[in-house]
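Just so we're clear, the structure is a prediction, and the values are computed from it rather than from any experiment.
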Amino acid sequence: MSQDNYWLRRAQSGTVTRRRFVGGTAVAGVGLAGLGLVGCGDDDSTATPTKAPGGTTPAASASAAPSGPVAGGVLRTTEAAVYDSTDVHRAFGDPTSRLSNDMMNKIVRYKNPDTGEVEGDLAKTYEAPDAATYVFKLNEGVKWHNGREFTSDDIRWHVERQAAGKGQDGADMSFRFNSQYKTVKLETPDKYTVKMTLAAGDGSWLDFLSAYTATVPNKETVLKYEADHRTLNEATMVGTGPNILTSWRANKDVTMKKNPDYFKKGQPLLDGVIKTVLFEDPNAQRTAFEQKQLDGFSAGDPSVTRAIIAANKDKMYEYLTGVSNTVFLSLNMLKQFKDIRLVKAMNMAIDRRQLIQTFHQGLGQVSGPVTWLQEGYAVKPDDLIKNPGYRVDREIEKKEARDLWAAGGGPALGEVDIKIPDTWLARWPDTTQLLPKMLNDSLGVTQFKSTKTTYNEEIIPNLFNGNFPNWFGWTSEVNSPNPRSALRGTFLSSAGTNFNKVNNPDLDKIITDFQGMTKLTDAVAKTAEAQKILLDNAQYGQIVLYNYIVPTARWNYLKGALKVDPAGGKAGAGYNLFSGHLAPATLWLDTKDPSYQGRPAATI
């Protein structure tokens, strides 16, 4: 990623403020606890650091590293998770899937989670003769934690169980990816070859297999605990991966130790990991970090994290992490906003940069139809700011917005309520004042208001019947660098999740074309064509606004697992998206660093 991004320039400029204003009232910052995100103080310092690019910190420095990583030591971090199943096939919540990446492998994985580059994992090599055919040659000599050899039969069971949607007794079961695997015809001509033939071409299939949700579990273990898959038990998560789970019990620390027989020699560098159940009291978590009982920490208020780093400027460093829950404006084009001119006016009336400054102390970047987190596909910042809604000159934006609002009959709409979910308001309660004021001021009207709503009671139940409200808040978490499936589901005229009933034949053709592309450069170029149409039409009311950023503090002795290491007074950079599978090769503890002195002993 270019180090000249808007958010990076913003972080370096020193124009970040701790206070936010509605009218003339200053309001204290609100914490991020409870978002359920990696990158909000729960897993940032673990073996699964994720997300974002780099920036600066006013008083942070990392010690000079030895000539190379040194093996050994036990990492200590926190665990904030509610697990719905120990069975990765049946887990609909992300916590189980994320944890499984510490113990399991996937067929293929992301070499670079941000650009979408794929490499083999359990597969030594792979090829895609066309978008419907995928052939994998598996690594030989791979062992499960129980000592059995891993073979193509394990992949067969992994695919066919999910495709069948049934337990070993024949009873129907809910599998998260049943519909995807039902399209697969699977052949295993020998112990180390797997051929998958899809019912229709899908150029995103390798991305699906690379996701953190695609780990391959051990057949014997899953079937043994199938009837009791909701009771946490370390024996239930047997894999082929870098760590062996040693403790997984309700309300207890999650612990794991190094797999001495891991097929990727020299990995993991750490001897083990302790994930302490997340402290309910954030002050207790901060105290534990300052006493080196935790190796990393991120406060809800970014200024708190940076104050800790400043107070320990020779002992800690900062890295910046993008939050994958995208901030979003949804306008119902089946109801109030039937005229596209009104949608375009709203796209320009809402000030993305002011929202970033107001709610996130300037730590964020505007996102186009594809978020900046998905850097391999996203419109580059210098190009994005040329489009309506993203231009820096607010006076131009306001003038064009007012003209479109008037031409589209906006004043005749009467009162317009942009609803805000209660979960957002729990963190930023003044949004009900700020957002209407922003829209009214931009459009020169007095007709906007904002009231509270809920995702589960008003928004989600009404998406399919077309009665959803206009709303502002978080939309679904970005969990893949490849946006093609999401764009298809949102904007293809025949898609069941095209809630605004968008029907653009040119866009349909582009989406159909890029869905079958297996070459990354071709897919990126074709996706750019789709984004141009969406930018010209204000994303047809499903408007991506921005993604914000949180800083994390680490003790200098914790090294690696970042996209960009801290250097020269600049903060480190995590990957935008989940990268836990990359950590075993790079995350380590430097016991010779002066900051390591006084760290309490940790053993598994």
Side-chain angles (χ1 to χ4, degrees), residues 38 43-54 60-77 101-105 109-114 117 119-121 139 240-244 246 255-275 289 292-297 314-321 552-575 578-604:
V38 178
D43 284 341
D44 281 352
S45 58
T46 75
T48 57
T50 64
K51 315 176 182 105
S61 63
S63 64
S67 57
V70 177
V74 175
L75 179 75
R76 283 187 296 212
T77 182
N101 282 258
D102 290 319
M103 270 63 66
M104 299 178 186
N105 295 93
R109 68 180 196 172
Y110 286 119
K111 179 179 181 180
N112 184 327
D114 295 350
E117 295 173 75
E119 65 180 3
D121 195 10
N139 281 294
T240 55
N243 297 290
I244 298 171
T246 54
T255 64
M256 59 194 73
K257 66 179 181 180
K258 178 176 184 174
N259 176 7
D261 297 320
Y262 190 40
F263 70 97
K264 297 183 180 182
K265 301 305 179 185
Q267 300 182 35
L269 293 169
L270 295 168
D271 288 336
V273 179
I274 299 173
K275 297 187 177 185
F289 171 64
K292 303 178 186 176
Q293 296 173 24
L294 296 175
D295 298 317
F297 173 73
D314 296 323
K315 302 175 183 177
M316 296 179 185
Y317 64 93
E318 175 186 42
Y319 77 86
L320 298 172
T321 300
T552 294
R554 275 187 179 181
W555 288 102
N556 281 347
Y557 59 74
L558 181 58
K559 310 286 189 182
L562 298 176
K563 183 162 62 174
V564 179
D565 290 326
K570 292 185 178 181
Y575 286 93
F578 182 83
S579 61
H581 58 284
L582 301 178
T586 61
L587 194 67
W588 63 288
L589 298 170
D590 182 3
T591 59
K592 297 186 181 301
D593 190 283
S595 66
Y596 193 83
Q597 294 181 10
R599 182 182 187 263
T603 58
I604 299 296

* Asked: Between atom CG of L589 and atom NZ of K559, what is the distance when rounded to the nearest 0.5 Å?
  -> 10.5 Å
* Under 3.5 Å, side chain of T586 to main-chain N/O of G560, donor-acceptor pair present? -> no
* To do: Mind telling me whether F289 and F297 have parallel, tilted or perpendicular rings, with 30° and 60° as the class edges?
  => parallel
* Asked: How about P113 and L582: do any of their side-chain heavy atoms sit closer than 4.5 Å?
  -> yes
* Output yes when a side-chain donor or acceptor of K292 lies under 3.5 Å from a complementary backbone atom of S595, and no otherwise. => yes
* To do: Mind listing the closest non-hydrogen atom pair of P69 and L269 along with its distance?
  => CB-CD1, 3.7 Å
* To do: Find the distance between CH2 (W555) and CG (L294) and round it off to the nearest 0.5 Å.
  => 11.0 Å
* Asked: How long is the gap from OG1 on T240 to CE on M103, to the nearest 0.5 Å?
  -> 11.5 Å
* To do: Rounded to the nearest 0.5 Å, what's the gap from NE2 on H581 to CD on E119? Could you check?
  => 7.0 Å
* Nearest non-hydrogen partners of R76 and A601, listed with the distance -> NH1-O, 3.1 Å
* **Side chain to side chain, K258 and I604, heavy atoms closer than 4.5 Å** => no
* **Heavy-atom closest pair, residues L562 and G572** => CD1-CA, 4.4 Å
* Asked: Would a 4.5 Å heavy-atom cut-off, applied to side chains only, mark D114 and S579 as touching?
  -> no
* Check whether any side-chain heavy atom of V564 sits under 4.5 Å from a side-chain heavy atom of Y319, and report yes or no. => no
* Asked: With a 4.5 Å limit on heavy-atom distance, are the side chains of V70 and D590 in contact?
  -> no
* More than 12 heavy atoms from other groups under 6.0 Å of NZ on K257 -> no
* Structure fact -> In short, side chain to side chain donor-acceptor pair (under 3.5 Å) pairs touching residues 263-274 with sequence neighbours left out are D121-K264
* **Set of side-chain hydrogen bond (donor to acceptor under 3.5 Å, both in side chains) partners for T255, sequence neighbours left out** => T246
* Asked: What are the two closest heavy atoms between K275 and D102, and how far apart are they?
  -> NZ-OD2, 3.1 Å
* **By side-chain hydrogen bond (donor to acceptor under 3.5 Å, both in side chains) - contacts of T591 (at least two apart)** => none
* Locate the shortest heavy-atom distance separating D295 from Y557; write the atom from each residue and the value. => OD1-OH, 2.6 Å
* Asked: Minimum heavy-atom separation for N259 to G241, with atom names?
  -> ND2-O, 2.8 Å
* Kindly compute the distance separating CG (L75) from CE (M256), expressed to the nearest 0.5 Å. => 9.5 Å
* Keeping the roles fixed (side chain from K563, backbone from A573), state whether a donor-acceptor pair exists under 3.5 Å. => no
